[in-house]
Amino acid sequence: MSIQHNKKYKRHTVTAALPYANGPIHVGHLAGVYVPADIYVRYLRLKGEDVIYICGSDEHGVPITIKARQEGVSPQQIVDKYHELIKVSFMEFGISFDVYSRTSDPVHHETAAGVFRTMYEKGAFVEKDSEQYYDEENRQFLADRYITGICPHCSYEKAYGDQCENCGTSLSPTDLINPRSMLSGNKPVLKKTRHWYLPLDEHEPMLRKWILESHKHDWKPNVYGQCKSWIDQGLQPRAVTRDLDWGVKLPLENTEGKVLYVWFDAPIGYISATREWGETHGKDWEKYWKDPESKLVHFIGKDNIVFHCIIFPVMLHAEGSYILPENVPANEFLNLEGDKISTSRNWAVWLHEYLQDFPGKQDVLRYVLCAAAPETKDNYFTLKDFQARNNNELLAIFGNFVNRTLVLTHKYFDGCVPKAGQLMDADREALESLAGFPGIIGKNIEQYRFREALAQMMNLARLGNRYLTEAEPWKVFKENPARVQTVLNTCLQLCAGMALLAEPFLPFTAKKLQAMLNLEARAWDQAGKQELLGPGHRVNKAELLFEKIEDVQIRAQVDKLLETRKNNNQGQSAPPVKPPVSFDAFSAMDIRVATILEAEKVPKTKKLMKIRVDSGLDRRTVVSGIAEYFEPEALVGKKVLLLANLEPRKIKGIESHGMLLMAENNEGALTFVIPEERFENGSPIS
RNA sequence: GGCGGGGUAGCUCAGGUGGUUAGAGCGUCGGAUUCAUAACCCGAAGGUCACGGGUUCAACUCCCGUCCCCGCUACCA
């Protein structure tokens with residue numbers, strides 16, 4: 001179906017998710033986004049299509065300003081560092097962006113502000129005043145992340161305004177107990193501020209028609225399902241502005257200290273980057289975004305589906321002059337050796353480190369990541385698999401066939417392509433199969449089935465190995481050298497096909513192979529054609545395309561990860577000691593021995609348990625978030641410690657009077673804190 | 001709890017408007033071979049297609065329920 005679609009399109013605009021410039025690139029990013037997108041655009045270029053491949057660093061947002069504060073540098077210095085690192089490692093890895101821009105660039109600020117202004121003038125936004133925390137000393141509004149306080153759930157003292165890192169709960173700044181500004185340390189005050197909202201709900205009919213009706217069958221199930229879920233749940237207006245000084249300034253009067261919210265400015269980065277490319281290359285960039293004959297495709301990970309399928313399209317639609325994406329082939333997540341990849345926990349294989357540790361092996365990683373890409377569900381990357389795919393597939397099948405062919409060509413024909421004689425069935429079959437491959441591989445790529453496309457590419461090499469083994473030229477040569485001419489001619493045609501068809505997947509290898517064959521670059525559809533290498537054409541000496549990866553190399557990488565895991569388990573499992581408290585503050589808490597009388601799960605919740613306890617003073621109800629770890633029956637009769645004078649609070653409609661004390665390990669599992677002996681209910685703790 | 005995605009050979013994955021022996025690659029085992037980086041080639045073993053019901057002449061494929069994994073979402077005082 002995509003093949004027919006392409007006929008409608010004159011050009012392709014391909015974007016890859018903008019990496020956030022607060023850390024380096026890892027294998028998860030690559031497998032999910034950059035490798036598939038790169039395969040896609042390299043293929044389109046070989047097809048002779050007009051295509052641009054857009055990316056850049058996403059450099060705004062609060063996390064970057066926090067990181068800058070922590071390191072005592074400016075946000076610009078943070079993004080400069082990572083932008084450069086990311087850009088260089090992408091280039092070295094062969095990700096063939098036409099432009100890799102950045103959102104701190106003036107072109108972007110101008111473009112993003114322009115989109116905002118156009119939308120503003122069209123009345124696309126709703127203005128709303130609200131109360132937000134403000135630091136009077138620094139005279140600025142505080143981002144959620146800039147407010148700390150005591151987590152109302154776990155009493156962790158350094159919870160942030162958006163999330164408690166100790167218990168993982170997401171919070172809102174006003175939930176925090178005893179909030180403090182991270183800038184001045186003062187208690188922030190609530191102050192009125194005005195923000196602009198994008199009323200996503202008003203665009204629901206458009207989204208329903210566009211996604212749920214017209215893309216029902218050509219979007220991936222995970223993407224379509226997620227969109228449907230969001231739309232059906234009802235969309236809410238979303239604030240597009242923030243009180244912050246790092247970002248794109250609002251292009252309106254009297255809006256000092258306000259910037260575009262990072263999710264609003266980031267996707268516009270694709271447009272800015274295209275504009276930058278157009279200006280530096282003397283091209284009309286607007287066609288790529290505004291002409292309905294342009295096919296816009298966003299490559300992203302599943303965490304970005306909502307932004308690229310709902311929010312950004314609504315923005316483009318509301319702006320009025322832009323096209324909407326034709327497809328958003330989002331991938332799932334790649335895990336690493338049994339655990340989620342985590343930048344903060346350093347659980348990752350970093351691209352820039354890989355390039356150092358495995359020089360010249362870009363294609364190996366590209367191959368492995370494509371073969372194990374999480375196209376339909378999360379998948380695991382393991383170093384053992386990496387080694388096996390290199391040694392048993394790339395080397396043993398692809399590299400080996402090329403090597404065998406070239407060695408034999410030199411051995412029997414002095415490096416000249418022999419002339420084919422009378423074709424036998426086997427020869428004909430091999431050549432016919434070859435002719436089918438550009439179409440088969442291409443069709444899979446156009447349908448975003450990169451794993452299958454890659455497997456087909458390898459099948460060409462498999463076919464070559466089988467053909468060569470069955471033809472046995474090394475046996476036949478003595479009595480029938482003419483037959484060997486035909487056989488090796490056929491093998492060389494297969495190699496030439498591989499040299500072209502491998503390019504989207506293994507660009508470095510393809511180049512090497514083309515050089516070995518003295519083959520100049522050709523268009524994709526030429527790959528099936530015979531006589532890419534005419535009789536008498538000289539080929540160069542065989543060089544190895546891949547080398548074996550030994551156990552020691554893999555072990556070194558595994559050790560590196562084990563070291564990380566060890567550090568994580570030691571350093572981070574125990575949260576840091578909280579700031580000192582006075583004795584008075586401690587003794588203000590009234591903790592008692594109590595006994596659980598009844599327990600039942602709160603309906604329609606995952607974690608909540610409604611518990612009736614005898615505190616020695618009274619019988620009371622406590623709601624506790626422990627249902628994931630305990631069965632209600634197992635709790636009855638248990639001695640527990642109860643924080644008895646905690647302010648009552650309604651949870652899911654149930655009034656909770658106090659809180660049960662629990663210990664939590666680094667896996668998040670809970671256990672009761674109990675007195676060693678069965679003391680009477682009501683016994684105080686001090 | 002709600003919503004979405006997924007649960008198919010040891011591993012990574014295909015597949016199917018329901019229809020004879022459920023596929024591929026890798027791994028394993030056996031054979032053959034030497035042109036090739038002990039690689040290639042041939043063959044074999046391996047699956048009650050998560051589980052339980054239902055519809056049907058027939059289900060892995062459709063329907064209902066349950067369980068497990070991932071994500072979004074509510075909840076964790």
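Atoms considered below: every heavy atom in the structure, side chains included; atoms not considered: hydrogens, waters and symmetry mates. Within every chain, numbering begins at 1; the chains are lettered A, B, ... in the order of the sequence lines, protein sequences first and strands thereafter.
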Checklist outcome for this item: Any strand, both distances under 3.5 Å, Watson-Crick or G-U wobble: B:G18 pairs with none
Next on the checklist: My understanding is that a pair needs two contacts under 3.5 Å, Watson-Crick or G-U wobble. By that rule, which nucleotide pairs with B:G43?
Outcome noted: B:C29
Checklist entry - When the nearest nucleotide of RNA chain B is assigned to A:V306 and to A:E543 on a heavy-atom basis, which residue is associated with the more 5' position? => result A:E543
Checklist entry - Out of B:C13, B:G71, B:G25, which has the shortest distance to the side chain of A:F333? => result B:G71
Next on the checklist: Any salt bridge linking A:D427 with A:R483? Criterion: basic side-chain nitrogen under 4.0 Å from a carboxylate oxygen.
Outcome noted: yes
Checklist entry - Counting side-chain heavy atoms from C-beta on, which of B:G7, B:C41, B:G5 comes nearest to A:K377? => result B:G7
Checklist outcome for this item: Under a 3.5 Å limit on both distances, the Watson-Crick or wobble mate of B:C72 is B:G2
Checklist entry - B:G23 pairs with which nucleotide, Watson-Crick or G-U wobble, both distances below 3.5 Å? => result B:C13
Checklist entry - What nucleotide, of B:G71, B:C41, B:G5, holds the atom closest to the side chain of A:K340? => result B:G71
Item to check | A:F299/A:Y40 under ring-ring contact (aromatic ring centres under 6.0 Å, His included): CA gap, chis, key distance, verdict | outcome: CA-CA 10 Å; A:F299 283 85; A:Y40 186 70; 5.4 Å; yes
Next on the checklist: Among B:C41, B:U37, B:A14, which nucleotide has an atom closest to any side-chain atom of A:L544?
Outcome noted: B:U37
Checklist entry - So what's B:U48 paired with, Watson-Crick or G-U wobble, going by both distances under 3.5 Å? => result none
Checklist outcome for this item: Quick note, A:R404 side chain, CB onward, closest among B:C13, B:C40, B:G25 is B:C40
Checklist entry - Of the candidate nucleotides B:U37, B:C13, B:C35, which contains the atom at the shortest distance from the side chain of A:V407? => result B:C35
Checklist entry - Between B:A39, B:A14, B:C76, which one does the side chain of A:T376 approach most closely? => result B:A14
Checklist outcome for this item: Rounded to the nearest 0.5 angstrom, the CG-CG distance for A:D378 and A:L334 is 8.5 Å
Item to check | C1' gap between B:U61 and B:G15, integer Å | outcome: 10 Å
Checklist entry - Would you say B:C40 has OP1 or OP2 under 4.0 Å from some side-chain N or O of A:R466? => result no
Checklist entry - More 5' along RNA chain B: A:A396 or A:K411, using each one's nearest nucleotide? => result A:K411
Checklist entry - Would you call A:K377-A:E332 a salt bridge at under 4.0 Å N-O? => result no
Checklist entry - How long is the line joining OH of A:Y224 and C1' of B:G71, in whole Å? => result 19 Å
Next on the checklist: Using the side-chain heavy atoms of A:P221, tell me which of these nucleotides is nearest: B:C35, B:U12, B:G6.
Outcome noted: B:G6
